[in-house]
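What follows is one structure encoded as structure tokens, with my remarks underneath.
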There are 2 protein chains.
Amino acid sequence: MATIEDVARVAGVSRSTVSYALSGKRSISRATQDRIEAAIADLGFTVNAGARALATSQTMSIALLSQFHQDEFAPAMLQYIRSVSDAARELGYDVLFVTDTDGAAAVKRITSSNMVDGVVLLDVTHADPRLGLLRAARQPGATVGLPGDVEGLDIFDLDFAESARLIIDHLYGLGHKEVVLISPPEHVFERGGAYGWRFRDAAVERAGGYGMRIHTYYGESQQPAIGTNINSILDARPTATALVVHNDATIAALPLVLMARGVKVPEDLSVVSLYSTDFGRIFSLPYTAVESSPDVLGRLAVEQLVRRINDPGHAGPAVVHLIAPELRDRGSTA
Amino acid sequence: MATIEDVARVAGVSRSTVSYALSGKRSISRATQDRIEAAIADLGFTVNAGARALATSQTMSIALLSQFHQDEFAPAMLQYIRSVSDAARELGYDVLFVTDTDGAAAVKRITSSNMVDGVVLLDVTHADPRLGLLRAARQPGATVGLPGDVEGLDIFDLDFAESARLIIDHLYGLGHKEVVLISPPEHVFERGGAYGWRFRDAAVERAGGYGMRIHTYYGESQQPAIGTNINSILDARPTATALVVHNDATIAALPLVLMARGVKVPEDLSVVSLYSTDFGRIFSLPYTAVESSPDVLGRLAVEQLVRRINDPGHAGPAVVHLIAPELRDRGSTA
DNA sequence: CTGAAAGCGCTTACAG
DNA sequence: CTGAAAGCGCTTACAG
């Protein structure tokens, strides 16, 4: 493998001159520059990333920590992973993808061994054990997901409370008086999946303010329980005119269940949900829904993280950015 | 950040002794060992991964290259990514997750800058442009997916031809005489997605040998084209008694389409497909299918890659491992 | 059982 | 415009 030393020798200059020619951090004569470039091409030289990282204390990599919970529905996850990965590359960073079961230990391992310049946390829970270790790390951290304590990290998430209000407002505007809400599985709540109760509590409060009746249920995460669950909920609430689904696995299974029951949307039942356009396409979902914007969230987190990496201290106080929900009307409400 | 130098000073020994205490590569007296461990704990020392990599020429990372084609159905992908990531961690390797649009350039960048000890390629096509660069790299490479030229790399894939035969045999055994096959989208074939024709050609040949009629069609990759496509195919072949689906997006949408048509499985139509158990669960698919085993494939690729990393030259000639298909009977054929 | 020193491949003040 | 040298934080022959 050619090193900078080899390039220097072939070009007849010093190592430092080659290094500066590479970085452009000082001016080099035309002739020297040309000889160096020729030598680089001849030798097929590429900078050794590890050596550069050691010398500069910059790895040009960020870690992406993802967790795979059994009670979570995987298809939505890949969109966050992709958006983080794409955004990172655009900004010149590589991505260390970390899926260790023990996320807290992974944060410690990755940060203390200096493998990355920053960390993005996905699937953040209310009292996420990874947060403390990330705050203690010398690298900056950003999360997708709003934890209970936002201190010292840049937080990005959809505004789930506002999403719920937007949906209730929409249904109220259409004259609905009795609504059913299917939330994430109970396990998600127990685990501290705050998006579950942020959405539900806001929906209940807003509906109450309008004098609407709202019945809330936990959803399931696995078939065949999902189908059984939907059916028993609909059986129990025959007078409800609208169904709000805040649960990926449930909304994915809904078209089939409703067709089997002979329920027409929106004639017999209005349906509103929360998912990304891509997710909707994957599952052929025809429902009006709040856009969950995984692409936007992943990108925002990475951009802010890179800002902190490049300008520690000057990037301002920690940010909590809840993006405003948008309702995509697909005609499933009436 | 504490360095090995700090640990040495606090413990009152030399850097080399600390290093050996860490690696266990030479024996250390009990007393010295204890002092070193105490110093490490006091200082919260962790080895700097980059410095170690520079000194040992081992990064303890592998690259995972994934491509996101528009005509491919994303949900299946995450399972390969997960299995590679999990297997790598179990073997002590971290994973650099690379999703650059230009995969060939990414292979070059990652390998020539020495960021990883080996490379796993996902979504490999017949004449994949990444292969040449990976062969030219000094790091070993493994693929999930069978390319046209298998030279110099370890290849892992499902035996799609045998999968097709298994399915045709199964249908023939049940007395079917006319079968429809929906393949991956035409774009996948054009792009060199060899699994498409390996499956189809074997199915056609085997069916021909049995005197069965088989009608082959390309599937679609996006709604609403998927539904339209399925309906027009079924309309065109009313006398076919079995449907073989080798297409993720199509099989995911099939239950709804069949229910809408009032087609009962297996009474009116037998259905056989090819997907993983997890995939089937996500889409609530009730069909008999060949297990695609993403978890097994990802793991095999990583294990072989690590074998090569640890024992270059002695790990034997390049391997082409096509795993034998298994049919999971879920009662969707008669 | 332990230490001093060279080396991994870069970058960057310091000097001229 | 360019070079010699120190330093990033480790590992590992070489010596004793």
Side-chain angles (χ1 to χ4, degrees), chain A residues 1-37 39-40 43-61 92 109-117 138-139 310, chain B residues 1-37 39-40 43-61 109-117 138-139:
Chain A
M1 203 48 209
T3 70
I4 206 171
E5 173 83 58
D6 300 322
V7 174
R9 190 166 0 88
V10 170
V13 297
S14 71
R15 270 150 62 217
S16 55
T17 300
V18 176
S19 178
Y20 284 117
L22 248 25
S23 68
K25 286 188 182 171
R26 76 182 184 192
S27 46
I28 310 274
S29 74
R30 192 62 260 162
T32 306
Q33 181 77 268
D34 289 346
R35 288 209 314 285
I36 290 174
E37 278 166 16
I40 287 175
L43 297 166
F45 167 77
T46 313
V47 172
N48 179 303
R52 172 175 281 177
L54 186 56
T56 60
S57 299
Q58 288 219 246
T59 64
M60 297 309 285
S61 296
R109 180 170 63 82
I110 297 293
T111 57
S112 66
S113 65
N114 251 301
M115 300 184 71
V116 296
D117 298 332
R138 70 192 143 293
Q139 295 93 335
N310 291 330
Chain B
M1 203 48 209
T3 70
I4 203 170
E5 172 82 58
D6 301 323
V7 174
R9 190 168 356 90
V10 170
V13 296
S14 70
R15 271 151 60 218
S16 55
T17 300
V18 176
S19 179
Y20 284 116
L22 247 25
S23 68
K25 286 188 182 172
R26 76 182 184 192
S27 46
I28 310 275
S29 74
R30 192 61 261 163
T32 307
Q33 182 77 268
D34 289 345
R35 289 211 312 286
I36 291 174
E37 277 166 16
I40 288 175
L43 296 167
F45 167 78
T46 313
V47 173
N48 180 303
R52 173 174 279 177
L54 186 56
T56 60
S57 301
Q58 288 219 249
T59 63
M60 297 309 285
S61 296
R109 178 170 65 80
I110 298 294
T111 57
S112 66
S113 64
N114 250 301
M115 300 184 72
V116 295
D117 298 334
R138 71 191 140 292
Q139 295 93 336

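Keep in mind it's a predicted model, so treat the numbers as computed, not measured. Note on naming: letters A, B, ... go to the chains in the order of the sequence lines (proteins, then strands), and numbering restarts at 1 for each one.
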Looking only at side-chain N and O atoms, does [X] come under 4.0 Å of OP1 or OP2 in [N]?
| X | N | answer |
| --- | --- | --- |
| Ser29(B) | dT2(C) | yes |
| Thr17(A) | dG3(D) | yes |
| Thr32(B) | dT2(C) | yes |
| Lys25(A) | dT12(C) | yes |

Kindly give the heavy-atom pair with the smallest separation between [X] and [Y], and that separation in Å.
| X | Y | answer |
| --- | --- | --- |
| Met115(A) | Ala49(B) | CG-CB, 3.7 Å |
| Thr46(B) | Ser112(A) | OG1-OG, 3.1 Å |
| Ala39(A) | Val10(A) | CB-CG1, 3.6 Å |
| Val116(A) | Gln139(A) | O-NE2, 3.0 Å |
| Gln33(B) | Ala21(B) | OE1-CB, 3.6 Å |
| Thr17(B) | Thr32(B) | CG2-CG2, 3.9 Å |

Just how far, in rounded Å, is [atom2] of [N] from [atom1] of [X]?
| X | N | atom1 | atom2 | answer |
| --- | --- | --- | --- | --- |
| Arg52(B) | dG7(C) | CZ | P | 22 Å |
| Tyr20(A) | dT2(D) | OH | C1' | 10 Å |
| Arg26(B) | dA15(D) | CZ | P | 14 Å |
| Met1(B) | dG7(D) | CE | P | 21 Å |
| Leu43(B) | dG9(D) | CG | C1' | 15 Å |
| Arg15(B) | dA4(C) | CZ | P | 10 Å |
| Phe45(A) | dG9(C) | CZ | C1' | 8 Å |
| Leu22(B) | dT12(D) | CG | P | 11 Å |

Examine the base of dA5(C) for any acceptor or donor lying under 3.5 Å from a partner atom in the side chain of Ser16(B), and report the outcome as yes or no. no

Which part of the nucleic acid, if any, lies within contact of Ser19(B), taking any heavy atom under 4.0 Å across all strands shown: a base, the sugar-phosphate backbone alone, or nothing?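 Ser19(B): base contact, heavy atoms under 4.0 Å.
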
Pick base, sugar-phosphate or nothing for Ser113(A), based on heavy-atom distances below 4.0 Å to the nucleic acid. nothing

Show the numbers, then the answer: is there a side chain to side chain contact (heavy atoms under 4.5 Å, CB included) between Phe45(A) and Leu22(A)? CA-CA 11 Å; Phe45(A) 167 77; Leu22(A) 248 25; 3.8 Å; yes

Please work out which residues in residues 2-12 of chain A have a non-hydrogen atom less than 4.0 Å from an atom of DNA chain C and list them by number. Thr3(A), Ile4(A)

Which nucleotide in dT11(D), dT2(C), dT11(C) has an atom nearest any side-chain atom of Ile28(B):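 For Ile28(B), the side-chain atoms sit closest to dT2(C).
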
Counting side-chain heavy atoms from CB outward, which of dC10(D), dC8(D), dG3(D) is closest to Val13(A)?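 For Val13(A), the side-chain atoms sit closest to dG3(D).
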
Step by step, would you call Asn48(B) with Thr3(B) a side chain to side chain contact (heavy atoms under 4.5 Å, CB included)? CA-CA 8 Å; Asn48(B) 180 303; Thr3(B) 70; over 6 Å; no

Residues Arg138(A), Asn114(A); criterion side chain to side chain contact (heavy atoms under 4.5 Å, CB included); working and verdict: CA-CA 9 Å; Arg138(A) 70 192 143 293; Asn114(A) 251 301; 2.8 Å; yes

On DNA chain C, nearest-nucleotide positions of Ser57(B) versus Gln33(B): which is more 5'?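 Taking each residue's closest nucleotide, the earlier one in sequence belongs to Gln33(B).
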
With DNA chain D as reference, determine whether Ser23(B) or Leu54(B) sits nearer its 5' end, using the nearest nucleotide of each. Leu54(B)

Using side chain to side chain contact (heavy atoms under 4.5 Å, CB included), reason through Ser23(B) and Arg52(B) one step at a time and then give a plain yes or no. CA-CA 11 Å; Ser23(B) 68; Arg52(B) 173 174 279 177; 5.9 Å; no

Secondary-structure notation, DNA chain D, from Watson-Crick and G-U pairs under 3.5 angstrom (| other strand): |||.||||||||.|||

